[in-house]
Amino acid sequence: MRVNRVNRARRRTAVGLSVAALTVGATTVAGPAVAQPKAAPAAAADCSAAYKIEQTLTTGTKWSMCWHYESEAGLVLENISYQPKGEAAPIRVLTSAKLAQIHVPYDDGSVEYDDLTGAGFGQGLMDMAPGECPGGTIKTVKVPDAWDPEHPNVKGLCTTTRSRGHAYRMQGDSASKVFQQQGKDLLVYTVNQVGWYEYITEWRFSDDGAINMNVGATGSLSPGDYDAGDGRGWPIGKGAKAYATSHSHNVFWRLNFGLDGNSKNKVEQYDSVVSPPAANGEAPRNKTTRKAITKELAGDAKNMRWWRVVSTTGKNKDDHARSYELVPGATSKYPGRSFTKRDVYFTQYKKCEQFASNNLRNCGTGAGKSVDKWVNGQNLTHPVAWVNIGFHHVARDEDQQPMPVHWQGFSIAPRDVTAMNPLTPPELADQNGKPDNGS
């Protein structure tokens with residue numbers, strides 16, 4: 001294992017500014033978890049078979065996408081399309097999706113790290129054994145600008161499928177028929193080591209059209225960080241002598257939307273306000289308002305607030321514009337840095353803007369190196385979403401050894417992408433819209 005355990009158990013060697021060439025893939029057909037022995041040739045720009053992931057789930061939904069690997073960001077997914085039953089052609093959702101930073105500040109103020117652009121996240125891709133990719137395929141990845149140039153090929157990308165439980169259940173007012181469906185997901189994930197931590201970066205594509213993005217931190221607590229006091233750490237081991245230093249994991253994702261294959265999408269914000277009951281009313285009232293986001297936005301998640309990205313070219317069979325809604329997960333927002341103070345950013349696409357902090361690309365004089373600096377009033381016609389989910393890690397005895405995975409993430413859910421539930425059984429296919437009550 002390539003373990004860097006120097007300087008608070010992490011090597012913080014500055015990584016190069018070059019963004020990596022495309023990596024290498026292996027087979028794409030789901031099957032036994034067999035790691036491929038050799039890397040494939042360089043990928044063509046149109047996504048050759050080695051760099052394509054396609055999966056038709058048992059419920060009939062098909063997901064397809066391309067992939068490549070970058071030396072800092074790690075896995076990048078591109079041209080992500082979704083085709084449920086009943087749709088004649090795939091529906092493009094995202095032009096690209098990737099991690100944009102893992103920012104790790106320690107509670108004692110001694111250090112903070114940008115794991116992607118300052119700690120070798122992409123270089124820490126780990127080999128996976130077949131048992132880590134149950135029922136799936138492990139693809140071989142060529143790590144660009146590998147720190148170990150003699151061993152650039154890593155059996156490190158798993159694609160597999162997994163059940164997620166009930167997709168729906170409906171019995172209605174009769175016990176004669178129960179409609180139920182067990183949901184299926186396509187999973188795509190890697191494991192990257194940074195010092196003592198190992199990050200599982202998971203992309204989960206559901207048969208109902210949702211995409212779930214999660215990062216799980218596991219591995220070990222750093223043995224060099226047992227020097228905190230009360231309020232900055234937690235005692236681990238016998239007695240109260242060694243306090244593991246608390247710290248945060250602020251994970252950013254970058255989503256370049258391209259609904260229906262067009263980058264000209266719209267962003268809308270929805271807010272609901274609950275008012276007291278009206279005169280002689282039986283219950284409080286709730287009104288939801290829509291706000292068009294026409295310029296770049298640094299947004300705060302609030303109770304009963306949500307955002308969606310809307311297609312300007314595609315509609316479903318009910319003549320409603322297709323869109324995807326952002327569904328944030330649980331978060332502990334870190335107020336210590338300007339770029340971590342907001343939950344969501346929508347910026348106008350700019351190629352050089354790749355990382356939420358410590359951005360390695362040159363965006364010009366005065367452009368700034370973090371996402372908060374890029375929200376400067378531009379019209380929003382090609383939106384890129386940056387989602388920030390934080391986790392404050394206060395260690396516990398159960399964190400050793402090894403440390404259980406702690407997850408953080410969010411999802412995007414289809415809103416009017418299809419006219420009905422994409423998993424609707426044939427017997428209910430005519431029940432679209434207001435029910436006919438015979439009146």
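Treat the numbers as computed from the prediction; the structure is a model and nothing was measured.
Qualifying side-chain contact (heavy atoms from CB on, under 4.5 Å) partners for T56, counting only residues two or more places apart in sequence or in other chains: K62. Residues satisfying the side-chain contact (heavy atoms from CB on, under 4.5 Å) criterion with D260, sequence neighbours excluded, are I91, S311, T313, R322. Under the side chain to side chain donor-acceptor pair (under 3.5 Å) criterion, T340 pairs with no residue at all, not counting sequence neighbours. Legend: residues meeting side chain to side chain donor-acceptor pair (under 3.5 Å) with D185, ordered by chain and number and at least two apart, are R164, R204, S206. Not a single side chain to side chain donor-acceptor pair (under 3.5 Å) links N359 to another residue, sequence neighbours left out.
If you take CH2 on W307 and CD on E325, they are separated by 11.0 Å, rounding to the nearest 0.5 Å. Taking CH2 of W203 as the start and CD1 of I53 as the end, the distance is 11.5 Å to the nearest 0.5 Å.
Pairs passing the ring-ring contact (aromatic ring centres under 6.0 Å, His included) check and including a residue from residues 358-385, sequence neighbours excluded, read Y349-H382, W374-W386.
The shortest side-chain heavy-atom distance between V387 and D343 does not fall under the 4.5 Å cut-off. For the pair Y82/M65, no side-chain contact is recorded, criterion being any heavy-atom separation below 4.5 Å from C-beta on.
Shown are V154, V141, I138, V191; of these, the side-chain contact (heavy atoms from CB on, under 4.5 Å) with D127 is made only by V154.
N265 places a side-chain N or O within 3.5 Å of a backbone atom of L259 that can act as its donor or acceptor partner.
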Given the rule in the side-chain contact (heavy atoms from CB on, under 4.5 Å) test, do W63 and I211 qualify, once you have shown the distances and angles that lead to the verdict?
CA-CA 10 Å; W63 284 96; I211 304 176; 3.6 Å; yes

